[in-house]
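Worksheet: the structure to be examined is printed underneath.
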Amino acid sequence: MTGEELLAAAEKEQAARRQAKYCVAVCAAAGCHSLGSTSIREIFQKAVNEAGLGEQILLYGTGCLGLCHAGPLVEIQRYREDSWERWLYHHVNEGMVAEIVRHHLGGDQPLAQFLYPLDDPFFRSQYKIVLENAGRINPERLEDYIGADGYSALWKAVSEMTPMDVVREVTQSGLRGRGGGGYPTGLKWSTVAKSKGSRKFVVCNADEGDPGAFMDRSILEGDPHRILEGMALAAYAIGAEQGYIYVRGEYPMAISRLKTAIRQAEKVQLLGNRILESAFNFRVDLRIGAGAFVCGEETALIGSIEGNRGTPRPRPPFPAEKGLWDMPTLINNVETFANVPAIVRNGGQWFSRIGTEKSKGTKVFALAGKIVHTGLIEVPMGISLRQVIFDIGGGIPDGKQFKAAQTGGPSGGCIPLPHLDLPIDYESLIKVGSMMGSGGLIVMDETSCMVDVARFFMQFCMDESCGKCVPCRAGTAQIYRILEKISSGTASLHDLELMEELCDLLKHTSLCGLGQTAPNPVVSTLRYFREEYLAHIEQKTCPAGVCRMGAPDAACGSAEPVQEKENCL
Amino acid sequence: MSVKTLMINGQMVSASEDQTLLDVLRENGIELPTLCHLDGLTPIGACRLCLVELAGSNKLHPACMTRITEGMEVTTHSERLVKYRRMILELLFAERNHFCSICVINGQCDLQQMGYDVGMDHVRFEYQCPAVEVDASHERFIMDHNRCVLCTRCVRVCHEMEGAHTRDVMGRGGSSRIITDLNQLWGKSGSCTGCGKCVQVCPTGALFEKGRSAAEVVKQRDFLVYIKTAREKHLWIQ
Ligand SMILES: Cc1cc2nc3c(=O)[nH]c(=O)nc-3n(C[C@H](O)[C@H](O)[C@H](O)COP(=O)(O)O)c2cc1C
Ligand code: SF4
Ligand code: SF4
Ligand code: FES
């Protein structure tokens, strides 16, 4: 495919969409899929065909529409007088399909009683870059992505930009890594670009392992070509010819969509040799993770791709200098790569106008826990936590009181009521003892016990510790044990003291981020809810009524972490 | 090889560029406890006992894996470093079943010695007392998981020196186990050459020879540096 052919294909796709009587996008993401959206789509297609509208209606499955709790979702679009009209049907069932086809598609009469108001704050306060194609494209069709200006950034790069121009554009955008750390992406790219090596690699970290997180998954499933384009742009910028996507095995749909996308792109020379008839070559292969959280850590991930046991190694040297097979390697998160095509297409300046001074652009969050609208949202950086939880998220269900929000998963911390007006950006979150993390946002109400929350995350870290270094391997088990004692009312103040010492030890001596950040949930709940810990210890009561007091004390020989009895004599 | 000057605990010291910080410290008589490190094996920075402070960095660095640089300022025994080392040892003693009085290597054990060195007179953490196995199926050696600290020295010597790669690690976190072949009994291993290198490098009584009394267990480790140097300099060719 040449650049001209790419542009022509985009024109053709856009014209087809505009000419259709209606475009019907049925959400095919995991949330709606589990509510039966796949059969809804089939029923829809059948009804449309039977009504004789098959020729005029464009019906397709699409990426996550965000309002997961109200699924299955169907978005209907129509191009009229230079603009798009949209309607969103929620909780769609078989009976509704027949009516929608008859009245809306057939008779141009939208069914107000089934519609979700699109001027709801849930939609109004969002800003979509990474998720801009949700509702617009069928992730299994390359033509759809091209029709949504897909690969135009790659064409722009190979035809009119030098690799350094691309790095400069990304640097200027102010984009920071979305995998948790928030490292400036442009700086990382220029480091790898300057590192010397006979080969270089681009790696996409799609090992999303935080409990409850599904941001990266939605991007991979809903817009796989966007990741490939982002990676290709990175490869062009740093001088790599080979890329790997390390995707967790628990995401079969993402894996199959990526496979399809790679095959499609290779067929028309958007990947492979002489991309878009230029001198740039780039291939992408998948590597499937086997379910270890720690393999999301970049050095463990590299080890895993090389075929070794996935355990972290001390840095320096950093992967940018010595990564895969000791060659300079660029590792970025899925969402980081997903921002790149838009940045190259619209310019770094455009991107840097969104967000705050130090945190640019948008962030995708997965809302979970005690919140009305659980689902996927994309908001500009700097939006307040209050807006996210109460405007977009619809507040706390059942008239309960907000207690705290947990960001950053097992590496993050909780943000209590007094900080509700905190702007969401990297620095502010760190200041209050949490972190941006990859985008999981769990809301807790008055019925949540903070000791229990800390215990949950510590158990996660203990189970997921790779076991290489002593502080994390043995320390998480000890902290967990103390939390278990606290939540059963059998701990003393001395235990609490010991636990705080252990938290300090893990933070400063663990080898990798997992152990270093594992104490965060404990430290932050202690910081804001110390009286709850004390109530468990001194009064032997759980203020939230969650913990069962006086549970039998685990005796010697039954400590949880080492209970793998299978291999014992 | 160019020479660098660094400042260790306020003292100026010179060192050659290819040395690790740990080499330089030892050369200058500054002792740090080390468990996963052994001269001759690839360092992995896992036990975290050799952590030191470097001026200008807010992280702690494992001396065994730190390359020296000109003007580096190192602190090896600050109050918190001493405290951390002791805590790490306490964690190890509490993790499996380390009862020195009934151990085959009592008196010769690196872990025990380190406990004395850092002044660890008791363990503040709850003993985890895991139920782990003893593999006595090999005709000459015994692997007692009760005493294993997962330093992987045996794994590395088997892979790097003997070239057999009989040993490896299975599982993760506290359930990590050293295994032979694909988690078979040692006696059934088809790849083990019976060289006994793993036994010699093991810092504790996790690996020992059958039929020896505690007083007879003395581990030989000089062979590592000898083999490594010979290999690098191709000594056997002459
Ligand atoms: C225990 C652990 C797990 C991690 N898991 C992930 C993950 O699932 N996805 C991810 O993108 N980054 C993860 N990271 C961060 C990566 O190490 C790395 O910083 C990131 O992929 C860099 O990409 P970015 O600069 O685009 O954020 C993890 C880090 C740690 C310490
Ligand atoms: S901190 Fe935990 S996960 Fe990281 S290397 Fe150490 S044991 Fe492994
Ligand atoms: S058996 Fe010995 S050498 Fe091997 S990991 Fe355990 S303690 Fe280390
Ligand atoms: S000896 Fe350096 S970390 Fe173990």
Side-chain angles (χ1 to χ4, degrees), chain A residues 292-294 308-317 461-482 485 494-495 497-498 501-502 504-506 508-512 514-516 553-569, chain B residues 35-36 42-49 51 53 58-62 64-67 80-81 83-97 124-136 145 149-152 155 168-177 179 183 185:
Chain A
F293 173 64
V294 76
N308 298 321
R309 184 175 151 86
T311 52
R313 61 153 175 81
R315 302 173 301 179
C461 292
M462 174 178 80
D463 290 344
E464 295 297 335
S465 161
C466 81
K468 177 170 178 174
C469 75
V470 184
C472 169
R473 183 183 76 225
T476 50
Q478 291 289 350
I479 299 178
Y480 176 73
R481 178 69 191 118
I482 296 176
K485 281 164 79 176
H494 173 70
D495 286 324
E497 219 175 278
L498 211 52
E501 265 189 61
L502 279 166
D504 176 64
L505 177 81
L506 264 64
H508 291 107
T509 64
S510 296
L511 196 165
C512 85
L514 194 155
Q516 287 159 7
D553 195 354
C556 214
S558 65
E560 200 98 12
V562 282
Q563 249 195 345
E564 205 155 276
K565 289 269 158 55
E566 231 172 73
N567 297 299
C568 298
L569 284 179
Chain B
L35 195 55
C36 62
T42 310
I44 54 167
C47 73
R48 319 305 283 167
L49 283 165
L51 290 181
E53 290 166 9
N58 53 8
K59 299 217 153 175
L60 302 178
H61 299 258
C64 63
M65 286 192 78
T66 302
R67 296 264 130 212
R80 66 166 180 157
L81 286 175
K83 178 178 145 193
Y84 289 156
R85 285 185 197 126
R86 190 194 141 124
M87 284 179 82
I88 290 171
L89 282 172
E90 283 181 78
L91 283 174
L92 278 173
F93 273 96
E95 188 180 27
R96 292 211 178 160
N97 306 308
R124 292 171 300 162
F125 306 121
E126 195 170 291
Y127 281 90
Q128 297 189 36
C129 309
V132 288
E133 65 275 43
V134 177
D135 181 352
H145 291 275
V149 291
L150 293 169
C151 67
T152 71
V155 175
D168 213 323
V169 188
M170 175 186 83
R172 61 174 179 242
S175 8
S176 302
R177 288 289 181 280
I179 52 168
N183 195 24
L185 287 175

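Naming: A, B, ... by sequence-line order, numbering from 1 per chain.
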Could you tell me which of [options] has the largest number of non-hydrogen atom pairs under 4.5 Å with chain A?
| options | value |
| --- | --- |
| B:Ala94, B:Cys36, B:Ala46, B:Gly45 | B:Ala46 |
| B:Asn58, B:Thr152, B:Ile88, B:Leu35 | B:Ile88 |
| B:Leu60, B:Leu150, B:Leu91 | B:Leu91 |

Segment of [X] engaging chain A (4.5 angstrom heavy-atom cut-off):
| X | answer |
| --- | --- |
| B:Ile44 | both |
| B:Arg80 | side chain |
| B:Val149 | backbone |

Check: Which of these passes side chain to side chain contact (heavy atoms under 4.5 Å, CB included) with A:Pro314: B:His61, B:Lys59, B:Met65?
Finding: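 The passing option is B:Met65.
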
Checklist line | Partner of A:Gln478 under side chain to side chain contact (heavy atoms under 4.5 Å, CB included), chosen from A:Leu498, A:Leu506, A:Leu502 | finding: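 In the set A:Leu498, A:Leu506, A:Leu502, the residue that makes a side chain to side chain contact (heavy atoms under 4.5 Å, CB included) with A:Gln478 is A:Leu502.
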
Notebook entry, point to check: In terms of heavy-atom pairs under 4.5 Å, which option from A:Gln516, A:Glu464, A:Arg313, A:His494 contacts chain B the most?
Noted result: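 Among the listed options, the one with the most contacts to chain B is A:Glu464.
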
Check: Picking from A:Leu505, A:Thr476, A:Val294, which has the most non-hydrogen pairs under 4.5 angstrom with chain B?
Finding: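 Counting heavy-atom pairs under 4.5 Å, the top option is A:Leu505.
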
Is the shortest heavy-atom distance from the side chain of [X] to the side chain of [Y] under 4.5 Å?
| X | Y | answer |
| --- | --- | --- |
| B:Leu89 | B:Arg86 | no |
| B:Cys151 | B:Cys47 | no |
| B:Met87 | B:Phe125 | yes |

Next item on the list: Any chance you could measure B:Leu51, atom CG, to A:His508, atom NE2, to the nearest 0.5 Å?
Entry: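 If I round to the nearest 0.5 Å, the distance is 11.5 Å.
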
Next item on the list: Under 4.5 Å heavy-atom distance to chain B, tell me which part of A:Asp495 shows up: side chain, backbone, both or neither.
Entry: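 Contact with chain B is absent: no heavy atom of A:Asp495 under 4.5 Å.
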
Check: Taking it one step at a time, do B:Asn97 and B:Tyr127 satisfy side-chain hydrogen bond (donor to acceptor under 3.5 Å, both in side chains)?
Finding: CA-CA 8 Å; B:Asn97 306 308; B:Tyr127 281 90; over 6 Å; no

